[in-house]
Amino acid sequence: MTERKTDIGPPHYGQFLHPVIKANYGKWKYHEIIEPGVLLHVSETGDKIYSVRVGSPRLVSTDFVREACDIADKHSQGYFRFTSRHNMEFFLTDLAQLPALKADLAAKGLPIGGTGHSVTSIVHTQGWVHCHTPAIDASGIVKAVMDDLFEYFGSHELPAQVRLALACCLNMCGAVHCSDIAICGVHRTPPKVLHDKLRHLCEIPTTIASCPTGAIRPHPDKSLKSVIVNEERCMYCGNCYTMCPAMPCFDAEKGGIAILVGGKVSNSKTPPAFSRLAIPWIPNNPPRWPEVVAAIRKILTKYAEGANKWERVGEWIERIGWERFFEVCDIPFTFQHIDDYKFQAYDTYRTSMHFKF
Amino acid sequence: MTERKTDIGPPHYGQFLHPVIKANYGKWKYHEIIEPGVLLHVSETGDKIYSVRVGSPRLVSTDFVREACDIADKHSQGYFRFTSRHNMEFFLTDLAQLPALKADLAAKGLPIGGTGHSVTSIVHTQGWVHCHTPAIDASGIVKAVMDDLFEYFGSHELPAQVRLALACCLNMCGAVHCSDIAICGVHRTPPKVLHDKLRHLCEIPTTIASCPTGAIRPHPDKSLKSVIVNEERCMYCGNCYTMCPAMPCFDAEKGGIAILVGGKVSNSKTPPAFSRLAIPWIPNNPPRWPEVVAAIRKILTKYAEGANKWERVGEWIERIGWERFFEVCDIPFTFQHIDDYKFQAYDTYRTSMHFKF
Amino acid sequence: MHKTPLLDQLESGPWPSFVTDLKRAAAKKPQTADLLGLLERSYVDKITHWKHGGIVGVLGYGSGIIGRYTDLPDEFPGCEHFHTIRVNHPSAWMYTTKALRELMDIWDEHGSSVLNMHGSTGDIIFLGTRTEELEPCFAKLTEKGWDLGGSGSAFRSPSCCIGPARCEWAMYDTLEACYELTQEFQFDLHRPSYPYKYKLKLSGCPNDCVAAVARADCSVIGVWKDDIRIDQSAVQAYAGGELKPRGGATKYDKLDIQKDVVELCPTQCMSWDGKTLKINNRECNHCMHCINLMPQALRPGTERGAAFLLGSHAPILEGAQLSWVIVPFMEMEKPFDNLKELMSNIAEWWSEHGKNRERVGELILRLGMRSLLEAIGVEPAPQQVRIPRANPFFFWYQSDFDAEAKGRRYDTRQGFVR
Amino acid sequence: MHKTPLLDQLESGPWPSFVTDLKRAAAKKPQTADLLGLLERSYVDKITHWKHGGIVGVLGYGSGIIGRYTDLPDEFPGCEHFHTIRVNHPSAWMYTTKALRELMDIWDEHGSSVLNMHGSTGDIIFLGTRTEELEPCFAKLTEKGWDLGGSGSAFRSPSCCIGPARCEWAMYDTLEACYELTQEFQFDLHRPSYPYKYKLKLSGCPNDCVAAVARADCSVIGVWKDDIRIDQSAVQAYAGGELKPRGGATKYDKLDIQKDVVELCPTQCMSWDGKTLKINNRECNHCMHCINLMPQALRPGTERGAAFLLGSHAPILEGAQLSWVIVPFMEMEKPFDNLKELMSNIAEWWSEHGKNRERVGELILRLGMRSLLEAIGVEPAPQQVRIPRANPFFFWYQSDFDAEAKGRRYDTRQGFVR
Ligand code: SRM
Ligand code: SRM
Ligand code: SRM
Ligand code: SRM
Ligand code: SF4
Ligand code: SF4
Ligand code: SF4
Ligand code: SF4
Ligand code: SF4
Ligand code: SF4
Ligand code: SF4
Ligand code: SF4
């Protein structure tokens with residue numbers, strides 16, 4: 001066996017660049033979107049490259065990747081890439097090659113789209129496939145929602161791009177906090193302290209420090225070497241469970257899904273913005289989560305109907321006002337919508353007469 | 001002596017209403033401003049009332065009030081009022097009476113103005129005349145600033161109304177927190193604990209609780225029955241001194257004046273807004289505070305030059321950007337401008353690429 | 001008379017001089033002469049010479065008087081005691097000269113002859129008297145129909161804009177409401193029994209001419225629900241320049257209806273084709289801008305009332321706050337029982353939970369809005385928030401689960417339990 | 001094979017099915033068949049069946065592996081150990097098929113054959129292997145030129161947008177910067193030594209296609225300083241409809257330059273008279289909107305670099321944050337020493353002061369921005385704040401007074417002391 005290598009880092013990207021990309025690196029002049037999913041980039045040298053964007057479930061098998069490689073070998077000179085939202089992109093140097101590529105993709109059931117004013121792939125997380133804190137599954141909900149919104153993946157019919165993301169718990173690995181529409185798994189039960197396990201598994205000071213609301217205190221019975229939870233102050237974030245496995249907060253029926261809306265990341269027109277709570281809870285209903293699918297379609301449809309050209313979801317809502325958003329989407333406004341989390345609450349007050357009836 | 005009366009409350013305003021006002025109560029149709037300081041209100045009945053607005057130092061003698069009464073008796077049928085910003089208003093039923101009123105006011109050195117796009121009277125506080133916590137005087141600075149801005153009191157030359165306010169300490173009795181331009185007295189020395197006095201004068205738990213930053217702790221030497229201040233965490237708010245006179249934080253040289261800008265109260269166009277720190281410190285320089293006067297004139301002038309029609313100071317700054325405001329007003333940007341006060345700081349971050357060089 | 005070379009420099013200049021005026025009073029009153037001397041000393045030392053007030057007051061009252069003593073009693077004996085008397089002003093600061101002269105006579109007799117017209121909360125502020133003068137002065141005041149204002153951890157003297165007395169935009173009777181509420185809370189005004197001060201200001205419309213939203217825990221601001229009334233011919237007159245913008249309050253000659261009005265409407269709910277001004281009233285947020293610019297063409301609707309906002313105060317303790325919409329619309333009819341009840345309920349919740357020197361706005365931040373809303377029986381409404389929460393850290397109560405179990409979804413509008 | 005009636009329902013519908021794909025892998029691998037069975041069980045129970053991971057890893061590394069075990073090892077023995085291996089991806093997720101096939105072979109040999117392309121931080125995520133496979137798998141990976149990504153309280157695998165490789169708007173070489181920085185911080189990437197995770201994302205322009213501002217403690221976003229380059233004839237072509245808005249990304253036929261571009265410019269610094277488009281570049285805030293809509297007519301300037309923003313993260317512990325502008329403009333030239341130094345300095349300050357599991361953004365909130373800026377030698381600049389503070393609660397340091405004493409006013413720009 002060879003000497004053990006460490007800290008070599010990833011391979012240099014240089015060896016993975018398609019020849020046309022390598023030749024025109026840093027020289028691109030402009031782009032066009034020929035049709036949904038098909039980008040054209042034109043270089044100052046006059047060179048052109050076509051990129052074909054293709055959806056993927058992200059949670060895949062090695063065979064899936066090998067099949068993508070087969071396609072790339074056949075159509076894309078053995079190069080391809082993934083996007084920051086987990087789509088694949090194949091490169092063509094001639095538009096005439098497109099029909100053949102399309103045919104092969106169709107044969108594999110792989111959709112083309114995700115560019116421009118579309119719904120592109122949903123950034124998401126592990127869920128029940130591989131994580132220990134989820135309130136919900138990830139891939140299953142994504143599949144159900146994308147099946148429903150499929151028409152929007154391969155078209156440019158929306159007023160602007162719409163970015164969905166899913167996180168299966170409040171850790172928000174899907175970074176749903178800045179998405180046009182965000183799906184977030186939420187627990188609704190305070191942790192049950194398993195005193196017997198806790199004393200062996202957990203460090204008490206770290207466990208106490210993990211609680212954002214200070215709901216955890218040392219157990220008054222010192223001999224137990226455990227903690228107690230002030231359930232009234234617990235908002236089920238699960239952070240104590242992350243630090244201490246003896247504090248599970250799962251409940252099959254009470255767990256569920258919150259929908260947040262109106263976040264964004266780009267600086268185009270308006271600055272980046274957080275997603276805001278639209279629906280505090282929808283039941284967790286596998287295998288196809290019909291209530292979640294319906295809620296998202298409703299919001300997306302109302303947005304598509306109501307938004308001005310170029311308006312992202314959040315820009316649309318800011319223009320019509322949140323009171324109208326809840327009205328047109330027929331979403332009841334609840335105590336949960338009103339921020340009561342420490343310092344953040346302060347800035348969400350309506351401190352003006354600027355409201356509508 | 002008659003029986004002791006209590007809890008009778010103030011007299012009913014009904015007895016203080018000018019006859020035309022009484023007759024047209026609730027029936028007013030529209031108003032005009034005939035000239036700076038002179039309002040006309042027209043009733044649905046066709047009745048008219050002219051109101052002449054007159055500046056006052058607010059801090060006055062009984063004789064001053066009697067002289068105002070003389071004027072009201074002569075010109076205003078024995079009625080007059082004060083505004084929410086401490087100006088006086090005399091009532092005329094006929095515009096022909098205006099010149100005579102003007103002459104009498106001029107003789108007393110009382111200016112007419114404060115309406116429309118003017119600088120009206122500065123809401124202010126006690127200062128050295130009557131309070132125990134001020135960092136600065138109130139009436140003196142107001143006099144100096146109003147002398148300088150006098151041209152703007154009696155004219156409508158500004159892009160919009162400009163409201164100034166002054167508070168002599170962070171208690172902000174002048175409610176300067178929402179003014180176009182705010183003058184605020186600031187201390188810059190942590191309290192000196194007078195241990196001998198403290199034990200007799202102050203309740204230790206209340207004193208500790210009074211500190212917003214938690215800088216005060218019980219004195220380690222319990223026998224002293226006093227407190228100590230962690231000077232690094234003290235931001236000189238003076239609240240401990242309010243609760244405990246044994247903790248003075250005055251310093252003749254370090255105390256001074258902060259200028260805040262861009263606040264407003266009305267809902268017109270934009271919602272009410274807090275004033276924001278423009279200049280963290282200007283020396284406290286009686287009797288005429290030339291640096292303060294100059295700083296305010298500079299801001300006002302730059303605003304008058306740069307603002308669009310109808311734009312309040314804060315609306316102007318928001319449009320051009322704070323980076324431009326500091327530039328055009330030639331105000332250095334310092335660490336003090338960056339919020340570091342607990343939960344409020346969070347919302348003042350620049351979390352976007354929306355900035356100018 | 002003390003020498004006042006620094007203060008003398010404040011006698012020049014066009015703005016009326018408080019120094020000149022104080023000198024008049026000082027000529028008559030030795031204590032006021034001392035006040036001038038003391039003030040001059042502060043101008044030299046750049047430091048205040050007033051000490052903390054001890055507790056002084058009139059019999060049975062815990063408020064209305066601020067005790068004040070100088071730290072230089074030997075040099076300025078007239079200022080040894082120099083207490084403030086807060087006299088509750090009448091609604092909208094309206095007076096007859098007769099009433100004012102009576103007040104001045106009382107103050108000449110019992111105090112320094114120096115006063116503020118008015119204090120920043122609204123009271124008439126008599127500045128400077130001795131402890132032994134308090135009770136006689138109070139007796140004279142009540143005899144003439146006046147009473148003390150608030151101070152300390154009490155209800156404070158409410159104030160209101162001129163409203164229906166002389167303004168076309170008053171959506172309710174601010175003066176009467178101010179009077180009624182002042183009377184209703186007399187006990188709490190004079191006997192500090194709250195965790196901290198509790199202020200009320202009433203503005204007739206969203207222009208908020210008493211700065212209620214910024215300066216009063218309880219901010220009552222008039223608003224209409226129906227359509228802005230438009231006089232199209234007057235709009236034409238503004239467009240043509242026959243009518244002056246903003247009633248003549250500006251240096252601008254004439255309005256560009258499109259640029260000045262339509263494009264600055266914050267909700268973009270107006271349109272103008274050069275002839276007719278249209279407003280999509282459902283989307284109007286009552287900002288007043290268009291009405292302010294064209295007072296003869298536009299008038300608020302006729303279905304009127306007020307919004308109730310809660311919580312504003314200056315920075316002490318945790319930072320300044322603006323008031324928060326609690327009830328977006330309430331009827332405002334005499335005797336304003338709904339407002340009285342609401343304010344009492346709020347004070348009750350606050351008194352129960354508030355810490356010493358914790359304003360009601362701070363308590364809301366500490367306990368959460370739901371705690372207040374449930375206690376006072378107000379339902380959640382999107383008008384209460386500028387924007388819903390961004391964080392996912394929200395609570396569920398048993399009542400929510402109960403509602404859910406009854407098939408009411410998680411919806412607290414339906415599932416609402418007091 | 002376990003029965004999976006619920007999961008089977010996710011095989012229909014037009015979006016590619018992960019279930020169908022997992023079944024392919026399950027057919028070859030018993031542990032993956034167990035994974036499917038376990039997942040089906042979660043679909044029935046509506047609860048996860050994964051337990052906390054113990055500490056597992058490869059020799060000398062503290063990160064790159066997430067230990068994972070099922071709570072039903074008897075029923076699903078293949079999932080008893082089911083650890084994650086994070087493989088650091090190449091810049092901009094570019095591959096040759098050759099390299100990918102090699103990776104897939106390794107994973108077929110040593111794991112479940114199930115993976116994520118890619119994980120949310122950017123890594124290639126190999127999902128599911130046994131402890132004893134870790135070391136051999138790692139050896140194979142490094143042999144082929146791959147290394148592990150970050151996990152735990154370590155530097156995390158940086159990622160970047162496609163930038164200069166295929167985008168006309170890249171203001172610096174995102175791919176090279178990503179590679180350079182990944183190499184620079186290899187030690188910290190593999191050996192958790194920070195208070196918590198530390199992420200870096202690099203976007204070539206303010207469109208921020210890797211969501212750097214929201215998802216990375218260190219967010220490096222390209223920007224230009226000089227003028228937007230305008231091709232007026234192309235503007236005409238957009239106005240005339242010959243060129244499609246946003247390069248064809250929409251359903252809209254043609255641009256109304258005034259309405260779609262000029263009026264939506266957030267700084268209102270553009271004008272259009274039907275012939276010429278003008279930009280007051282000094283007031284432009286680089287939002288990209290106009291450029292986005294007319295990629296053939298407008299191009300960013302040529303004086304290029306990046307802004308450095310700091311602090312974003314998801315809601316744990318105190319609520320989500322977006323990154324804050326720290327350095328509005330920095331040169332971005334290979335080997336990016338300035339960026340390396342800045343990031344090291346920040347990490348040093350954070351490591352010194354941060355509590356366990358306190359992200360750097362939270363530490364800034366706790367200690368105040370000045371503490372950071374002074375530690376890393378960055379001067380205060382108005383670009384760092386959206387708006388200055390509203391509260392008057394600010395501190396003064398002795399260095400400020402010293403500067404003042406030297407006649408430098410209170411100005412910390414002049415009086416700035418490291
Ligand atoms: C391939 C990719 C970068 C990568 O390295 O992987 C990419 C590529 C492009 N982006 Fe992007 N963006 C990519 C993720 C993003 C993200 C990140 C995200 O969604 O998580 C954002 C921020 C989203 C947000 O604001 O929430 C993003 C915001 C933009 C914008 C701003 C649009 C806006 O109105 O806010 C533009 C400009 C435009 O579309 O006109 C843009 C433009 C572009 C251009 C036109 C750049 C160019 O000239 O080549 C590329 C094609 C756009 C298209 O698909 O219509 N890209 N772009 C990413 C594709 C993701 C996908 O598979 O769907
Ligand atoms: C007399 C007074 C009310 C009272 O009961 O005392 C009053 C009276 C009027 N106000 Fe006011 N306002 C008065 C304090 C205020 C305040 C409070 C303050 O400044 O502390 C405000 C909020 C200021 C702020 O936003 O910071 C205020 C914001 C307005 C506005 C909104 C203007 C804006 O652009 O924001 C209007 C509408 C207008 O001017 O077109 C208005 C309009 C008016 C009108 C036109 C109402 C009417 O139809 O009669 C009155 C004459 C205005 C003028 O002077 O130009 N009034 N007005 C107050 C006079 C103060 C003074 O002596 O200078
Ligand atoms: C007299 C007056 C200033 C003036 O010159 O007009 C005043 C004077 C004092 N205020 Fe005030 N406040 C006065 C209106 C205000 C206002 C404005 C308002 O009511 O619209 C505010 C801001 C609004 C608010 O309530 O927050 C105000 C916020 C404060 C605070 C800070 C409260 C807070 O929550 O931030 C304090 C500190 C305290 O309560 O300990 C304070 C404390 C004080 C004390 C009692 C300080 C003290 O402990 O001695 C001052 C007594 C001075 C004296 O010798 O009489 N005063 N105070 C105002 C009352 C006159 C009146 O009754 O009409
Ligand atoms: C695999 C991945 C989700 C995915 O399906 O893609 C993931 C999975 C986990 N994340 Fe994450 N996070 C992943 C990207 C993220 C992101 C997105 C990003 O990096 O752009 C975030 C939000 C951004 C951020 O860093 O704040 C994220 C925020 C968290 C947090 C909350 C951190 C916070 O400050 O709010 C936790 C909780 C923790 O650290 O204890 C967490 C914890 C976890 C743990 C380690 C939970 C645990 O203790 O077991 C998950 C391990 C799952 C597993 O079995 O491997 N993960 N996590 C992502 C990493 C893959 C990769 O390396 O490429
Ligand atoms: S969001 Fe939560 S449950 Fe989902 S992968 Fe991340 S840590 Fe696990
Ligand atoms: S779930 Fe969150 S809020 Fe509840 S006890 Fe645990 S850490 Fe605290
Ligand atoms: S602002 Fe401060 S110093 Fe001035 S009157 Fe109010 S409490 Fe006194
Ligand atoms: S002045 Fe303010 S910050 Fe300083 S110790 Fe006193 S209460 Fe605390
Ligand atoms: S608040 Fe409204 S009603 Fe009251 S005086 Fe001002 S403009 Fe008139
Ligand atoms: S009141 Fe304000 S929001 Fe309503 S129509 Fe007029 S300008 Fe628009
Ligand atoms: S961030 Fe900018 S440079 Fe990078 S891919 Fe997106 S548009 Fe191009
Ligand atoms: S980049 Fe944005 S701010 Fe700059 S000119 Fe274009 S639209 Fe305006």
Side-chain angles (χ1 to χ4, degrees), chain A residues 5 7-11 13 16 21 25-26 28-33 41 57-66 69 72-73 78 81-82 84 109 116-117 128 130 132 134 139-140 143 146-147 150 156-157 172-173 175 177-178 212 239 245 250 252 265-269 272 284 286-287 344, chain D residues 6 9-10 13-16 18 21 24-25 39 42-43 46-48 50 52 88 90-91 93-97 100 104 107-108 113 116-117 120 127 142 145 147 164-166 168 175 182-183 186 206-208 210-211 213-215 247-251 287-289 292 295-296 314 317 319-320:
Chain A
K5 289 190 203 163
D7 300 306
I8 57 170
Y13 60 91
F16 298 145
I21 284 182
Y25 196 89
W28 299 103
K29 195 163 172 208
Y30 68 88
H31 76 277
E32 276 178 39
I33 305 190
H41 284 81
R58 192 185 84 118
L59 174 59
V60 295
S61 66
T62 47
D63 286 346
F64 179 97
V65 176
R66 285 198 189 88
C69 289
D73 284 337
R81 79 178 285 261
F82 292 79
S84 65
H117 288 196
W128 293 330
H130 210 251
H132 64 144
S139 311
K143 162 77 174 142
M146 284 308 285
D147 277 347
F150 192 69
H156 291 158
E157 288 305 308
M172 287 199 182
C173 298
H177 54 293
C178 295
N239 200 37
F250 307 128
V265 162
S266 86
N267 289 275
S268 195
K269 298 195 290 307
N284 185 13
Q344 306 205 336
Chain D
L6 290 177
Q9 295 181 47
L10 285 169
W15 190 250
F18 71 99
D21 210 48
R24 286 208 281 187
L39 186 58
S42 280
Y43 271 58
K46 300 209 262 181
I47 239 164
T48 189
W50 296 106
H52 258 70
N88 200 345
S91 288
W93 304 283
M94 298 275 197
Y95 297 95
T96 53
T97 54
L100 273 178
M104 295 310 110
W107 189 230
D108 275 347
S113 296
N116 289 130
M117 290 298 279
S120 193
L127 277 177
T142 49
D147 201 345
R166 199 204 52 196
E168 67 266 33
L175 289 79
T182 309
Q183 293 297 343
Q186 279 298 303
N207 281 333
D208 197 0
V210 286
V213 78
R215 293 169 64 172
T250 78
K251 64 177 173 186
C287 86
M288 295 289 297
H289 171 67
N292 288 343
Q296 291 194 50
L317 187 72

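As the structure is a prediction and not an experimental result, all values here were calculated from the model. Values below: every heavy atom of this structure, side chains too, minus hydrogens, waters and symmetry copies. Order of the sequence lines sets the chain letters (A, B, ...), proteins ahead of strands, with each chain counted from 1.
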Residue, of [options], that accumulates the most heavy atom pairs under 4.5 Å with chain A:
options                        : result
D/N116, D/T142, D/L39          : D/N116
D/N88, D/T48, D/V210, D/N207   : D/T48
D/K46, D/M288, D/K251, D/H52   : D/H52
D/G319, D/A211, D/G248, D/P16  : D/P16
D/L6, D/D21, D/D208            : D/D21
D/V213, D/T182, D/L100, D/L317 : D/L317

Determine the minimum heavy-atom distance between [X] and [Y], stating which atoms define it.
X      : Y      : answer
A/T62  : D/W107 : CG2-CD1, 3.8 Å
D/M117 : A/V60  : CG-CG2, 4.3 Å
D/A249 : A/I33  : CB-CD1, 3.5 Å
A/G140 : D/Y43  : CA-OH, 3.2 Å
D/P90  : A/P11  : CB-O, 4.1 Å
A/R58  : D/S120 : NH1-N, 3.6 Å

Check whether [X] reaches the backbone of [Y] with its side chain - one donor and one acceptor, N or O, closer than 3.5 Å.
X      : Y     : value
A/K143 : D/W15 : yes
D/D147 : A/G9  : yes
D/Q183 : A/I8  : yes

Under 4.5 Å, counting heavy-atom pairs only, tell me which of [options] racks up the most with chain D.
options                        : answer
A/C178, A/A72, A/P212          : A/P212
A/G116, A/A252, A/C173, A/P134 : A/A252
A/F64, A/F150, A/F250, A/W28   : A/W28
A/S266, A/P57, A/S61, A/P286   : A/S61

Parallel, tilted or perpendicular, as decided by the 30° and 60° cut-offs, for the rings of D/W50 and A/H130: tilted
Side-chain heavy atoms of D/M94 within contact of A/R81, under 4.5 Å: yes
Approximate separation, where rounding is to 0.5 Å, of A/R66 CZ and D/T97 OG1: 12.0 Å
Atom pair CG/NE2 of A/N267 and D/H289 - distance to nearest 0.5 Å: 13.5 Å
Interchain contact, D/S91 with chain A, by part (heavy-atom threshold 4.5 Å): both
Contact origin within D/N292 toward chain A - heavy atom pairs under 4.5 Å: side chain
Side chain to side chain contact (heavy atoms under 4.5 Å, CB included) assessment of D/R166 paired with A/H31: CA-CA 9 Å; D/R166 199 204 52 196; A/H31 76 277; over 6 Å; no
